[in-house]
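The analysis underlying the following values was restricted to heavy atoms, covering all of them including side chains, and did not include hydrogens, waters or symmetry mates. Here is the naming used below: chain letters follow the sequence lines, and residue numbers restart at 1 for every chain.
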Amino acid sequence: MTIRIYNTKTGKKEDLQTIKDGIVNLYVCGITAYDYCHLGHARSTIVFDMIVKYLRHSGYKVNFVRNFTDIDDKIIKRAAEQNTTTEELSTRFIQAFHEDMISLGNISPDIEPLATEHIPEIVNLIEALIDRDFAYESAGDVYFRVNKFKNYGQLSGRNLDDMQAGARIAINDQKENPMDFALWKTSKPGEPMWDSPWGEGRPGWHIECSAMAKKYFGDTFDIHGGGKDLIFPHHENEIAQSECASGEIFVNTWIHHGFVTIKDEKMSKSLGNFLTIREMLEKYSAETLRLFIFSAGYRTPLDFSDQAMKDAEAGVDKIYNCLATVASLDSDDLGKLPQIGKKDQTKLSNLEVRLQAAMDNDFNTAQALGYVFDAVKTVNKICTNLPDSAKPFNLQILKESGQTITKFMNILGLIKQNPQHYVQEKQDALMASITISPTEIEQLITERNQARTDKNWARADEIRDLLLEHNIEMKDGAKGTTWVVRT
RNA sequence: GGCGGCAUAGCCAAGUGGCUAAGGCAGUGGUCUGCAAAACCAUUAUUCCCCAGUUCGACUCUGGGUGCCGCCUCCA
């Protein structure tokens with residue numbers, strides 16, 4: 001099967017064709033390190049984590065680079081506010097970012113380059129652009145000459161005339177054209193600076209990615225990713241810089257994911273309506289967040305709400321519960337398992353193929369999750385109906401289905417815990433909140449069961465109500481009465 | 001103003017030129033239970049924003065309209 005990916009550049013899904021057989025070079029724009037990351041960043045990192053894991057699962061060697069922007073206007077401003085250096089500030093938030101990534105269960109990129117560690121590469125690239133007349137110096141700044149690049153606007157589907165008509169561009173006398181963007185900026189006194197042929201200054205925002213991508217992947221590479229908001233101007237400008245400097249196509253496939261919204265508005269620092277990863281993880285597990293994120297296509301806007309998170313949590317529990325049940329099936333149960341209907345059997349044995357087909361289709365996690373839940377339902381159905389005349393073969397089907405589900409969910413960074421432990425731990429966590437001891441509960445259950453034997457329903461109900469007041473819910477099963485803490 | 005995207009049941013959300021329009025949450029009826037819970041079964045869009053067109057046939061393609069969102073300034 002071929003993996004098909006929606007390419008922003010062409011607006012179509014295309015078969016993935018790598019430059020080198022079996023190798024994917026992937027560059028993702030990372031964060032500007034000046035604050036804690038919010039759910040939007042979480043979606044970005046989780047989506048690309050899934051993409052990398054799925055590509056690797058599909059047999060590709062993926063070289064995954066994600067940068068940090070550790071010098072820019074916002075960092076300078078924030079550092080000044082906090083009375084610290086840009087270096088201290090960015091180091092602190094890069095550290096926080098790494099902590100968040102571990103909490104979320106994301107793998108690390110192979111390389112995490114910093115802009116400030118690539119100043120020579122940046123300067124070289126700017127010099128190449130000046131040599132080719134695509135850039136010019138103006139009072140210590142260097143600007144890219146957008147008029148010189150005939151493809152400017154190809155990624156975002158714009159043209160220079162339309163954009164200038166918009167007139168939302170700050171007037172700057174140093175520029176030949178208002179749309180020209182800075183490659184190098186003169187530093188003001190007290191700001192961080194590096195030596196350059198144009199005097200002391202610092203790089204513009206876009207140039208770092210062009211320089212670092214070139215360093216690690218050469219002039220042309222396979223996939224470049226980021227949020228939709230980076231399409232213009234950031235990625236447009238990267239293309240301009242890189243292609244004008246090298247004369248080669250910069251990137252073959254552009255992947256852009258959608259935003260996380262709150263009440264249908266984009267979550268962003270400027271709007272102040274953001275929730276940090278840390279805040280949200282106090283309330284919900286990383287796996288709940290991941291399921292929530294994967295319940296929609298990565299390009300769709302995703303609206304965050306408590307209800308949506310509760311739905312996702314119920315989904316995670318549902319899968320774990322099913323897998324815990326399957327894991328608990330042992331040879332004693334063999335005789336009780338039913339023959340599995342032909343239809344269910346086919347459904348389960350096709351699961352892996354269906355999951356793969358969904359993922360191959362532009363990483364359609366929502367559809368894949370649909371298949372997983374469908375399989376969970378089927379497995380539950382089989383486990384629940386336990387008539388006689390079963391064959392070991394049936395147990396095998398259930399165990400294999402459980403393995404397929406687990407293996408696939410692991411690609412999404414989900415179901416990484418032992419299901420039985422998960423169910424148990426969830427229970428244990430709830431235990432802390434209850435106001436009655438397990439011993440007392442057991443005593444009351446024993447008493448209730450005696451009352452039930454005596455057909456003293458009044459007393460039995462009384463005990464159940466009493467336990468319910470303590471959030472304890474009983475389940476009368478064939479093997480006796482079990483209990484759980486109600487969520 | 002320019003450009004791009006989206007519109008599918010109470011909510012979230014896949015999907016396809018013709019086969020039952022996935023799945024989750026919530027709801028309803030049932031099985032089970034002394035009553036419950038959990039689980040399971042059944043059920044919840046004769047229809048996919050509106051209007052035209054293409055087609056033997058469109059929710060899916062084309063054109064127009066409406067609404068929402070995003071980008072054009074920093075942004076994942």
Side-chain angles (χ1 to χ4, degrees), chain A residues 8 11 28-32 34 37-48 69 72-74 77 153 155-159 161-170 179 205 225-234 236 256-261 264-271 274 291-292 294-297 299-303 305 307-308 310-315 318-319 321-322 325 354 358 361 364-377 380-385 451-452 455-458 460-461 464-465 468 472-478 481-484 486:
Chain A
T8 308
V28 175
C29 286
I31 58 155
T32 298
Y34 75 105
C37 289
H38 58 61
L39 285 185
H41 302 111
R43 185 182 196 187
S44 176
T45 59
I46 286 172
V47 162
F48 285 108
T69 297
D72 97 318
D73 293 346
K74 292 188 297 293
K77 184 165 173 258
L155 182 70
S156 54
R158 297 153 202 256
N159 65 65
D161 295 339
D162 288 343
M163 285 188 281
Q164 285 170 46
R168 286 182 64 182
I169 303 145
M179 292 305 296
W205 174 36
K228 274 194 157 83
D229 47 0
L230 296 183
I231 295 173
F232 190 90
H234 186 54
E236 196 71 71
H256 291 100
H257 65 262
F259 306 124
V260 176
T261 58
D264 291 324
E265 263 195 328
K266 180 182 169 187
M267 183 181 287
S268 74
K269 287 177 182 168
S270 44
L271 286 172
F274 63 91
L291 190 80
F292 165 65
F294 292 135
S295 67
R299 289 187 284 130
T300 317
L302 187 59
D303 198 48
S305 67
Q307 188 54 52
K310 287 197 173 104
D311 289 358
E313 190 169 25
K318 187 175 185 143
I319 296 168
N321 281 328
C322 170
T325 306
R354 293 203 298 165
N361 181 16
N364 192 334
T365 53
Q367 185 172 55
L369 284 176
Y371 293 150
V372 167
F373 281 114
D374 199 35
V376 164
K377 192 196 259 187
N380 281 340
K381 183 172 78 179
I382 295 165
C383 290
T384 308
N385 304 318
R452 290 172 74 208
K455 296 198 190 299
N456 181 356
W457 308 129
D461 288 351
R464 195 184 59 221
D465 291 344
L468 268 179
I472 304 298
E473 214 160 65
M474 281 173 294
K475 301 177 182 180
D476 298 328
T481 302
T482 57
W483 57 274
V484 295
R486 207 158 48 159

Asker: Closer than 4.0 Å, any side-chain N/O of A:N159 to the OP1 or OP2 of B:G2?
Answerer: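 A:N159 to B:G2 OP1/OP2: no side-chain N or O under 4.0 Å.
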Asker: Give a yes/no on whether any side-chain N or O of A:K266 is located under 4.0 angstrom from OP1 or OP2 of B:C71.
Answerer: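 Yes, because at least one side-chain N or O of A:K266 sits under 4.0 Å from OP1 or OP2 of B:C71.
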Asker: What's A:G11 touching, base or sugar-phosphate or nothing? Going by heavy atoms closer than 4.0 Å.
Answerer: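 Since no nucleic acid heavy atom lies under 4.0 Å of A:G11, the category is nothing.
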Asker: Looking at every strand, decide which applies to A:A366 at a 4.0 Å heavy-atom threshold: base, sugar-phosphate, or nothing.
Answerer: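 Base contact - A:A366 has a heavy atom under 4.0 Å of at least one base atom.
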Asker: With a 4.0 Å cut-off on heavy atoms, is A:H38 in touch with a base, just the backbone sugar-phosphate, or nothing at all?
Answerer: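 Base contact.
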Asker: If you measure from the ring centre of A:W457 to the centre of the six-membered ring in the base of B:G34, is it under 5.5 Å, with the planes under 30° apart?
Answerer: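 Yes; by the centre-distance and plane-angle rule, A:W457 counts as stacking on B:G34.
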Asker: Do A:F48 and A:H257 have side-chain heavy atoms sitting under 4.5 Å apart?
Answerer: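 In contact.
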Asker: For A:R43, answer base if it contacts any base atom (sugar-phosphate contacts may also be present), sugar-phosphate if it contacts only those atoms, and nothing otherwise; contact means non-hydrogen atoms under 4.0 Å.
Answerer: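 If one applies the 4.0 Å heavy-atom cut-off, A:R43 turns out to touch nothing in the nucleic acid.
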Asker: Mind checking if A:R452 touches a base, just sugar-phosphate, or nothing, with heavy atoms under 4.0 Å?
Answerer: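 Base contact.
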Asker: Within the structure shown, what part of the strands sits under 4.0 Å from A:K318 by heavy-atom distance: base, sugar-phosphate, or nothing?
Answerer: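 Since only primed, P, OP1 and OP2 atoms lie under 4.0 Å of A:K318, the category is sugar-phosphate.
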Asker: For nucleotides 28-32 of chain B, give me every protein contact, N/O to N/O, under 3.5 Å, one pair per line with atom names.
Answerer:
none

Asker: Please report the distance separating the P of B:G64 from the corresponding atom of B:U28, rounded so that it comes out in whole Å.
Answerer: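 46 Å, rounded to whole Å.
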Asker: Between B:A9 and B:A26, how far is it from one C1' atom to the other, in whole Å?
Answerer: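 Taking atom C1' in both B:A9 and B:A26, they lie 12 Å apart.
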Asker: Is a donor-acceptor pair below 3.5 Å formed from side chain A:D465 to base B:C35, judging by atom type as modelled?
Answerer: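 There is none.
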Asker: On a whole-Å scale, what distance lies between the P atoms belonging to B:A42 and B:G24?
Answerer: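 Those two atoms are separated by 12 Å.
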Asker: Hey, is the side chain of A:T300 poking within less than 4.0 Å of OP1 or OP2 on B:A14, counting only N and O atoms?
Answerer: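 Yes, within the criterion.
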Asker: With rounding to whole Å, what would you report as the distance between B:G29 and B:A37 at their P atoms?
Answerer: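 Between the two P atoms, the distance is 12 Å.
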Asker: Whether A:N380 contacts B:C40 is assessed here as follows: a side-chain N or O lying under 4.0 Å from the phosphate OP1 or OP2. Is that the case?
Answerer: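 Answer is yes, contact under 4.0 Å.
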Asker: Classify A:F232 by what it touches in the nucleic acid, base, sugar-phosphate, or nothing, heavy-atom distance under 4.0 Å.
Answerer: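 Counting heavy atoms under 4.0 Å across all strands, the contact made by A:F232 is with sugar-phosphate only.
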Asker: Please classify the nucleic acid contact of A:L230 as base, sugar-phosphate, or nothing, using heavy-atom distances under 4.0 Å.
Answerer: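 Here A:L230 touches the backbone only, sparing every base.
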Asker: Please tell me if the side chains of A:T481 and A:R452 come closer than 4.5 Å, counting only heavy atoms from C-beta onward.
Answerer: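 Of all side-chain heavy-atom pairs linking A:R452 with A:T481, at least one is under 4.5 Å.
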Asker: Heavy atoms under 4.0 Å, any strand shown: does A:G157 hit a base, just sugar-phosphate, or nothing?
Answerer: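 Sugar-phosphate: the residue A:G157, judged by heavy atoms under 4.0 Å, touches backbone atoms but no base.
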Asker: Reckon A:K377 touches a base, only the sugar-phosphate, or nothing at all at heavy-atom distances under 4.0 Å?
Answerer: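 Sugar-phosphate contact only - A:K377 comes under 4.0 Å of backbone atoms but never of a base.
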Asker: Mind checking the P distance from B:G10 to B:A45? Whole angstroms is fine.
Answerer: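 That atom pair is separated by 9 Å.
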Asker: Work out how far the P atom of B:U47 is from that of B:C41, and round it to whole angstrom.
Answerer: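 Each nucleotide's P atom is 28 Å from the other's.
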Asker: How would you list, by chain and number, every residue that makes a side-chain contact (heavy atoms from CB on, under 4.5 Å) with A:D303, sequence neighbours excluded?
Answerer: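 Counting only residues at least two positions away or on another chain, A:D303 forms a side-chain contact (heavy atoms from CB on, under 4.5 Å) with A:T261, A:D264.
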Asker: Looking only at atom C1', what distance separates B:U20 and B:A14, rounded to whole Å?
Answerer: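 Going atom to atom, C1' in each nucleotide, I get 16 Å.
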Asker: Checking all strands, does A:H257 fall into the base, sugar-phosphate, or nothing category for heavy-atom contacts under 4.0 angstrom?
Answerer: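 It contacts base atoms.
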Asker: Under 4.0 angstrom, heavy atoms only, what part of the nucleic acid is A:N364 near: base, sugar-phosphate, or nothing?
Answerer: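 Sugar-phosphate, no base atom in range.
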Asker: So A:G40, base contact, sugar-phosphate only, or nothing? Heavy-atom distance under 4.0 Å.
Answerer: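 Base, at least one base atom sits under 4.0 Å.
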Asker: Tabulate atom names and distances for all N/O pairs under 3.5 angstrom spanning the protein and nucleotides 58-64 of chain B.
Answerer:
none

Asker: Do the side chain of A:D461 and the base of B:G34 come within less than 3.5 angstrom through a donor-acceptor pair of N or O atoms?
Answerer: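 Counting by modelled atom types and ignoring angles, a donor-acceptor contact under 3.5 Å is found here.
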Asker: Does any non-hydrogen side-chain atom of A:K228 lie less than 4.5 Å from one of A:R299?
Answerer: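 In short, these two side chains touch, coming nearer than 4.5 Å.
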Asker: Measuring from the side chain of A:K475 (C-beta onward, heavy atoms only), which nucleotide among B:A38, B:A76, B:G23 has the closest atom?
Answerer: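 Among B:A38, B:A76, B:G23, the one nearest the side chain of A:K475 is B:A38.
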Asker: With rounding to the nearest 0.5 angstrom, report the CZ to NZ distance, A:F259 to A:K266.
Answerer: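 Between atom CZ of A:F259 and atom NZ of A:K266 there are 4.0 Å.
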Asker: Select base, sugar-phosphate, or nothing to describe what A:E473 touches, counting heavy atoms under 4.0 Å on all strands.
Answerer: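 Sugar-phosphate, no base atom in range.
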Asker: Between B:G27 and B:C69, how far apart are the two C1' atoms, rounded to whole Å?
Answerer: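 It comes out at 30 Å once rounded to the nearest Å.
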Asker: Would you mind telling me which of B:A14, B:G24, B:G70 lies closest to the side-chain atoms of A:D311?
Answerer: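 Looking only at heavy atoms from C-beta outward on A:D311, the closest nucleotide is B:G24.
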Asker: Could you tell me how the ring of A:H38 sits relative to the ring of A:F274: parallel (under 30°), tilted (30 to 60°) or perpendicular (over 60°)?
Answerer: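 Geometry flag for A:F274 against A:H38: tilted rings.
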